[in-house]
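Data first, discussion second: the structure below is written as structure tokens.
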Protein chains: 2
Amino acid sequence: MAARKPQMDEAKASIPAAGKAPSVSRASEPVQTLAETVAARIREQVISGRLTPGSHLSEQTLSEELQVSRNTLREVFRMLTKEGLLRYEANRGVFVSTPSMSTIIDIYRVRRFIECPALAHAHPRHPGVSRMRAAVEEARRCREAKDWLGVGSADIAFHAAIVELADSPRMSSFYAQIALELRLVFGLLQDPEFLHGPFIDQNFEIVTELEAGRAVAASELLEAYLLRAERFILGAYARVTAET
Amino acid sequence: MAARKPQMDEAKASIPAAGKAPSVSRASEPVQTLAETVAARIREQVISGRLTPGSHLSEQTLSEELQVSRNTLREVFRMLTKEGLLRYEANRGVFVSTPSMSTIIDIYRVRRFIECPALAHAHPRHPGVSRMRAAVEEARRCREAKDWLGVGSADIAFHAAIVELADSPRMSSFYAQIALELRLVFGLLQDPEFLHGPFIDQNFEIVTELEAGRAVAASELLEAYLLRAERFILGAYARVTAET
DNA sequence: ACTGTCCATAGTGTTGAACAATTTTTATAT
DNA sequence: ATATAAAAATTGTTCAACACTATGGACAGT
């Protein structure tokens, strides 16, 4: 019964002198580790929708495809798991997270909980304000160019700037995670123009109100915005999942 | 199914000293991976103060000490880094995070930002309320027994229960991280009786108010509590760092 | 003495192979 | 068909090796 026998190797007779193809020479900027580089790449693939939620990421396949060892890849998986983009199942491997309705609901609950007070108590001259303004303009530029992925990024950046008004590094990094999950949801939905188009101008109004010193009014606009967006996204989500 | 011969390691009799018997023990379902087990162990060491902030964790030394491979240890480090307990420095390794004054200030800013609204909008019959009550009683028990580490845990549990009133899994898990960092701070300070003693009774008052349906009053109590606690901790921190 | 270069050392970053443990698939027997 | 056992794939973990980076000391020039 002991049967179980390895058949795998045999080819391993090769000499260990294998060329290692050292990391590409990107001699610029702060030394990013290989794992971080790969993580960024996979993250981008997930966000852009090339890696669809629910799909299984095989360690062997991916390590060959990305030219990194399994060990390094596992470090990458750990990172992305903590970020919420991937999900581990014991002895089964990692999968791209699949946001559910309750995920969306929770995300928007958090957003209202954090963004609205942050905005309401903001000082009109806070450096975050100019970042909000910049994000709105960036969104418009992307809309012109029909770069909807860019519009999504700018929208996220806008709201991240709102959170920065609270002057709390921890809150900002928490929000960054939430935003990542939200991007996952975006990727799941189709018709990005329909998805983002209407909200750019509302962002514009919000930052305008804030710059005029009417923080509370801006906060109320934001709350209405978030409630609408939530219903909107939930609707689109239901439509997509119904199709399958 | 799969009734296989349970022949485990016997060939690797290299250094069986610590003998940890990986998966044998809890044959239940949660199937904790080795890395998680080790992470829990280090986490506990950091919280209890046996691993002092700022100290360097050598991969080689620790992997020998804990009887795990460097690769596994690195996975552990990644987890604890995301939790905020450890800090990476490129090519220099991991260190136990050293909370600074601004860390404490940020933690308490976040706590007020999250806990107070959560409490103010809470329903008096929410399941979280009974958890708050239970935590207060646990804290009192530990105080009797002079188990100050336990008092700290109960205090954290009390406030985690407050956050659960908001019914948001993401918020709760975020708060869990913050609480971990706070424990790090606690470990840095001495005289835990002086540290926790006065706050147990304030927790009691808060939950009592809430149970009576006066959520807003409870929230105001909480805010005052948090402001006091922040000053208190900052003072103790300054005293400790001044000594060095 | 003072300072800057060079080198040995030690520690992290990454790899590839190996094996154990578990899940999934296939083949076989009832 | 259906249950069950063997085979194949995959993940979990370890090990040994080497490249790369940081640190500290020896050594030469001023």
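Small disclaimer: the values here were computed from a predicted structure and weren't measured.
When the C1' atom of dT12(C) is taken as reference, atom OH of Tyr88(B) falls 9 Å away, rounded to whole Å. Spacing between atom NE2 of His56(B) and atom P of dT12(C) amounts to 4 Å, rounded to whole angstrom units. As a whole-Å value, the separation of Arg78(B) CZ from dT12(C) C1' is 11 Å. For Glu75(B) and dG12(D), the CD to P distance is 8 Å, given to the nearest whole Å. Here the P atom of nucleotide dG11(C) and the CG atom of Leu73(B) are 14 Å apart, to the nearest Å. Distance CD (Gln60(B)) to P (dC18(D)): 16 Å, rounded to an integer number of Å. The distance between atom CG of Leu66(A) and atom C1' of dT15(C), rounded to the nearest whole Å, is 15 Å. When the P atom of dG13(C) is taken as reference, atom CG of Leu34(A) falls 12 Å away, rounded to whole Å.
Contact annotation for Leu57(B): backbone-only contact, meaning every heavy-atom pair under 4.0 Å involves sugar-phosphate atoms and none involves a base. Within the nucleic acid shown, Phe77(A) has no heavy atom closer than 4.0 Å to any nucleic acid atom.
Distances were taken from every side-chain heavy atom of Ser58(B) (C-beta onward) to each of dT21(D), dT12(C), dG12(D); the shortest belongs to dT12(C). Checked against dT12(C), dG12(D), dT23(D), the side chain of Asn91(A) finds its nearest nucleotide in dG12(D). Comparing dT15(C), dT12(C), dT23(C) by their closest approach to the side chain of Asn71(A) singles out dT15(C).
Note on Arg141(B) versus Glu138(B): salt bridge recorded, some NZ/NE/NH1/NH2 to OD/OE distance being below 4.0 Å.
Remark: Arg74(A) is in phosphate contact with dG12(D), judged by side-chain N or O atoms under 4.0 Å from OP1 or OP2. OP1 or OP2 of dT14(C) lies within a sub-4.0 Å distance of a side-chain N or O belonging to Thr33(A).
Annotation: of the two residues near DNA chain C, Ser69(A) and Gly93(B), the 5′-most nearest-nucleotide partner is Gly93(B). In terms of position along DNA chain D, the nucleotide closest to Thr61(A) lies nearer the 5' end than the nucleotide closest to the other residue of the pair Thr61(A) and Ala35(B).
Using a 30° and 60° split on the angle between ring planes, Phe186(B) and His196(B) fall in the perpendicular class, above 60°.
For the pair Arg78(B) and Tyr88(B), the distance from NZ or CZ to the six-membered ring centre is under 6.0 Å and the angle to the ring normal is within 45 degrees.
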Test salt bridge (charged side-chain N to carboxylate O under 4.0 Å, His left out) applied to Arg112(B) and Glu230(B), step by step:
CA-CA 10 Å; Arg112(B) 285 193 304 273; Glu230(B) 179 181 13; 2.8 Å; yes

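In this model, a side-chain donor or acceptor of Arg70(A) finds a partner on the base of dG12(D) within 3.5 Å.
Within 6.0 Å of the CZ atom in Phe194(B), the count of heavy atoms belonging to other residues, nucleotides or ligands does not exceed 12.
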